[in-house]
Amino acid sequence: MKRYECIVCGYIYDPEEGDPDGGIEPGTPFQELPDDWVCPVCGASKEQFEEVKE
């Protein structure tokens with residue numbers, strides 16, 4: 001699964017880890033995050049994330 005980076009603060013959303021503090025289960029792809037999900041570090045919206053090119 002693809003990882004996504006917050007362009008505001010550099011946080012990496014890793015779908016294998018999810019966002020347990022935000023109620024997101026491990027294994028949740030970025031595209032399936034709720035529209036109102038925000039970066040757990042800086043509060044940026046999903047639109048502020050870019051796919052990590054590996």
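Bear in mind that the values here come from a model prediction, so they are computed numbers and not experimental data.
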Shortest non-hydrogen separation from [X] to [Y] and the atoms involved:
X   : Y   : result
A44 : C6  : CB-SG, 3.9 Å
E16 : P26 : O-CB, 3.3 Å
V38 : S45 : CG1-CA, 4.4 Å

Interatomic spacing from [atom1] in [X] to [atom2] in [Y] - rounded to 0.5 Å:
X   : Y   : atom1 : atom2 : result
Y13 : I24 : OH    : CD1   : 6.0 Å
E17 : R3  : CD    : CZ    : 9.0 Å
C39 : I7  : SG    : CD1   : 11.0 Å
K2  : E50 : NZ    : CD    : 13.5 Å

Is it the case that atom CD in E51 sees more than 12 heavy atoms from other parts of the structure closer than 6.0 Å?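 Counting other residues, nucleotides and ligands, CD of E51 exceeds 12 neighbours.
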Start with the C-alpha distance between F49 and F30, add both sets of side-chain angles, then the distance that settles ring-ring contact (aromatic ring centres under 6.0 Å, His included), and finish with yes or no. CA-CA 10 Å; F49 280 74; F30 186 80; 5.5 Å; yes
Can you check side chain to side chain contact (heavy atoms under 4.5 Å, CB included) on Y4 and Q31, steps first, answer last? CA-CA 10 Å; Y4 285 78; Q31 292 80 1; 2.8 Å; yes
Indicate the ring-plane relationship of W37 and Y11, choosing parallel, tilted or perpendicular according to the 30° and 60° boundaries. tilted
Find out whether D21 and P40 are in side-chain contact, i.e. whether some heavy atom of one side chain is under 4.5 Å from a heavy atom of the other.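 D21 does not reach P40 side chain to side chain.
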